[in-house]
Engineer: 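I'd like to ask some things about the structure below.
This structure is a prediction, so every number in the text was calculated from the model and none was measured. A note on names: the letters A, B, ... follow the listed sequences, proteins ahead of strands, and every chain is numbered from 1.
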2 protein chains.
Amino acid sequence: MTAMARAATTSDAFNAIAEPQRRDILALLRTGERPVTDLARELGMSQPQASKHLRVLREVGLVRFRGAGKQRLYGLDARGLRPIHEWVGGFERFWNESFDRLDTYVQELKQTQQEE
Amino acid sequence: MTAMARAATTSDAFNAIAEPQRRDILALLRTGERPVTDLARELGMSQPQASKHLRVLREVGLVRFRGAGKQRLYGLDARGLRPIHEWVGGFERFWNESFDRLDTYVQELKQTQQEE
DNA sequence: CAAACGCGTGCCCATATAGGCATATGATGA
DNA sequence: TCATCATATGCCTATATGGGCACGCGTTTG
């Protein structure tokens, strides 16, 4: 256990929503529960793909499902998004300031360029 | 270009803040600008580590720096967090509903357990 | 009971990290 | 110009994906 790679995607909601397709799934589920196949079709991904993403979302608690015949209806459980909203919200006053700061900033030192 | 791995961490803010240490850096920078070494020390990470995380944050535009002598003062540019806040905010009414839904849910089908 | 359907998994591949370390770069000052 | 301080990078390793595919399983139907 010397070197570590990126934190497991299943570790928390932050990681779970870092993947675009998973964000799409969550967004679509706001409309209501859906079986895997439907989700896959509506979002243009393969069934295995959908299942895998759903698994991650399930493991961090952002979705849940209930069996419905041979299908599994997945539904949203947005509670896990709240902590994220709050964390990001902690920067709210900064993204407003930013502009001003940046201006002062730019004038302040026109040349200490921050290229790539 | 057949198989793809996770989206590059440098691709967007969502990925950038998926890493805990980077979130720590952003949080610390709310206090004000800081040179790399300070950041590293205050957050208990190596200098190279700090530099690397700062690079990612820089590439997605969440931080910027200005040269100050032989140092580089890194500062927060939270504007990039706004889109995230808005995306997550789009689920706000759901994380309140969730509880109720979940209750109904639980009673509704006590046994279609969603284990592991 | 067999065929069909809906899902979840295992396996293989190509990538993209995080970290630790050593070293290249830049800027500053003697 | 050279030594020094502050950072940025390159390299190597162990992991963790994300996708495609084939297949195993449980449920439903015929």
Side-chain angles (χ1 to χ4, degrees), chain A residues 1-12 14-25 33-60 63 65-74 109 111-116, chain B residues 1-12 14-25 33-60 63-74 111-116:
Chain A
M1 59 172 96
T2 310
M4 281 180 68
R6 176 189 282 194
T9 204
T10 71
S11 56
D12 61 53
F14 276 100
N15 275 291
I17 67 169
E19 160 63 52
Q21 303 223 270
R22 285 197 287 264
R23 288 203 292 282
D24 290 341
I25 291 179
E33 300 179 319
R34 276 194 180 55
V36 182
T37 303
D38 283 34
L39 268 171
R41 182 164 36 66
E42 295 183 58
L43 296 177
M45 55 178 107
S46 69
Q47 173 268 306
Q49 268 298 302
S51 282
K52 287 172 183 173
H53 283 312
L54 284 169
R55 174 174 194 168
V56 173
L57 292 171
R58 212 193 314 151
E59 295 183 334
V60 300
V63 302
F65 68 81
R66 65 190 175 88
K70 37 184 174 181
Q71 308 185 129
R72 282 192 172 188
L73 293 181
Y74 276 86
L109 48 155
Q111 232 46 334
T112 313
Q113 278 314 4
Q114 170 191 335
E115 28 42 76
E116 211 299 318
Chain B
M1 57 170 99
T2 309
M4 282 178 67
R6 176 189 283 194
T9 203
T10 72
S11 55
D12 60 55
F14 276 100
N15 274 291
I17 67 169
E19 159 64 52
Q21 302 223 272
R22 285 197 287 264
R23 288 203 293 281
D24 290 342
I25 290 180
E33 300 178 318
R34 276 194 182 55
V36 182
T37 303
D38 283 36
L39 269 171
R41 183 164 36 66
E42 295 183 58
L43 296 176
M45 55 179 106
S46 70
Q47 174 268 307
Q49 268 298 302
S51 282
K52 286 172 184 174
H53 283 312
L54 284 168
R55 174 173 195 168
V56 173
L57 292 172
R58 211 195 314 152
E59 295 183 334
V60 299
V63 303
R64 47 196 162 65
F65 68 80
R66 64 189 175 87
K70 35 184 173 180
Q71 306 185 129
R72 282 190 170 189
L73 293 181
Y74 276 86
Q111 232 47 333
T112 313
Q113 278 315 3
Q114 170 190 334
E115 28 43 74
E116 212 301 319

Engineer: Quick check on D:dA8: is either OP1 or OP2 less than 4.0 Å from any side-chain nitrogen or oxygen of B:Tyr74?
Structural biologist: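 Yes, because at least one side-chain N or O of B:Tyr74 sits under 4.0 Å from OP1 or OP2 of D:dA8.
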
Engineer: Determine whether a donor-acceptor pair (one donor, one acceptor, N or O, separation below 3.5 Å) exists between the side chain of A:Lys52 and the base of D:dG20.
Structural biologist: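 Answer yes: a donor N or O sits under 3.5 Å from an acceptor.
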
Engineer: From the list D:dA8, C:dA18, C:dT9, which nucleotide is the closest neighbour of the side chain of B:Glu19?
Structural biologist: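 For the B:Glu19 side chain, the nearest candidate turns out to be C:dA18.
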
Engineer: Mind calculating the distance between CG (A:Leu54) and P (C:dG6) to the nearest angstrom?
Structural biologist: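 After rounding, the reported distance stands at 16 Å.
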
Engineer: Are OP1 or OP2 of D:dG20 and a side-chain N or O of A:Ser46 less than 4.0 angstrom apart?
Structural biologist: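 So the side chain of A:Ser46 is within the cut-off, an N or O lying under 4.0 Å from OP1 or OP2 of D:dG20.
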
Engineer: Would you mind reading off the distance between A:Gln71 atom CD and C:dA4 atom P, rounded to a whole angstrom?
Structural biologist: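 That distance rounds to 18 Å.
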
Engineer: How about B:His53 and B:Glu19: do any of their side-chain heavy atoms sit closer than 4.5 Å?
Structural biologist: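 B:His53 vs B:Glu19: side chains touch.
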
Engineer: May I ask you to test the A:Gln71-A:Val36 pair for a side-chain heavy-atom distance under 4.5 Å?
Structural biologist: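 No, their side chains stay 4.5 Å or more apart.
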
Engineer: Think B:Thr37 has a side-chain N or O under 4.0 angstrom from the OP1 or OP2 of D:dT7?
Structural biologist: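 Result: yes.
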
Engineer: Expressed as a whole number of angstroms, how long is the span from A:Arg34:CZ to C:dC7:C1'?
Structural biologist: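 These atoms are roughly 18 Å apart.
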
Engineer: Could you tell me whether the phosphate oxygens of C:dT17, OP1 or OP2, come under 4.0 Å of any side-chain nitrogen or oxygen in B:His53?
Structural biologist: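 Indeed not, no polar side-chain atom of B:His53 lies that close.
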
Engineer: How many whole angstroms separate atom CG of A:Asp38 from atom P of C:dC7?
Structural biologist: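 Taking CG of A:Asp38 and P of C:dC7, I get 7 Å after rounding.
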
Engineer: Given atom CG of B:Leu57 and atom P of C:dT17, what is their separation to the nearest angstrom?
Structural biologist: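 For the pair B:Leu57 CG and C:dT17 P, the rounded distance is 13 Å.
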
Engineer: Counting just side-chain N and O atoms, does B:Arg55 come under 4.0 Å of either OP1 or OP2 of D:dA8?
Structural biologist: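 The answer is no; no side-chain N or O of B:Arg55 sits under 4.0 Å from OP1 or OP2.
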
Engineer: Considering every strand and a 4.0 Å limit on heavy-atom distances, what is the contact class for A:Pro35: base, sugar-phosphate, or nothing?
Structural biologist: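 Counting heavy atoms under 4.0 Å across all strands, the contact made by A:Pro35 is with sugar-phosphate only.
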
Engineer: Mind checking A:Gln47 for me? I need base, sugar-phosphate or nothing, with any heavy atom below 4.0 Å counting as a touch.
Structural biologist: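 The residue A:Gln47 makes base contact.
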
Engineer: Between D:dT27, D:dA22, C:dG19, which nucleotide gets closest to the side-chain atoms of B:Gln49?
Structural biologist: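 Closest of the options to the side chain of B:Gln49: C:dG19.
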
Engineer: With no hydrogens and no angle check, is any side-chain donor or acceptor of B:Arg34 less than 3.5 Å from a backbone partner on B:Leu39?
Structural biologist: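 Such a contact is absent between B:Arg34 side chain and B:Leu39 backbone.
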
Engineer: Strictly below 4.0 Å, N to O, side chains only: are A:Glu59 and A:Arg55 in salt-bridge contact?
Structural biologist: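 Yes.
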
Engineer: Rounded to the Å, how far apart are A:Asn15 CG and C:dA18 C1'?
Structural biologist: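 Going from A:Asn15 (CG) to C:dA18 (C1'), I get 12 Å.
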
Engineer: Backbone N or O of B:Ala16 within a donor-acceptor pair of the B:Arg22 side chain at under 3.5 Å?
Structural biologist: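 Present.
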
Engineer: Of the nucleotides D:dA8, C:dC7, D:dA6, which one has an atom closest to the side chain of B:Lys70?
Structural biologist: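 Among the listed nucleotides, the one closest to the side chain of B:Lys70 is D:dA6.
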
Engineer: Between A:Arg22 and D:dG18, is there a contact of a side-chain N or O with OP1 or OP2 at under 4.0 Å?
Structural biologist: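 So the side chain of A:Arg22 is within the cut-off, an N or O lying under 4.0 Å from OP1 or OP2 of D:dG18.
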
Engineer: When the nearest nucleotide of DNA chain C is assigned to A:Ala50 and to B:Gln21 on a heavy-atom basis, which residue is associated with the more 5' position?
Structural biologist: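 It is A:Ala50, whose closest nucleotide lies nearer the 5' terminus.
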
Engineer: Return the value, rounded to whole Å, for the distance between atom CD1 of A:Ile25 and atom P of D:dG18.
Structural biologist: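 For the pair A:Ile25 CD1 and D:dG18 P, the rounded distance is 11 Å.
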
Engineer: Between B:Phe65 and B:Leu73, is there a side-chain heavy-atom distance shorter than 4.5 Å?
Structural biologist: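 A side-chain contact under 4.5 Å is absent here.
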
Engineer: Tell me the interatomic distance from B:Phe14, atom CZ, to C:dT17, atom P, rounded to whole angstroms.
Structural biologist: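 Interatomic distance, CZ of B:Phe14 to P of C:dT17: 17 Å.
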
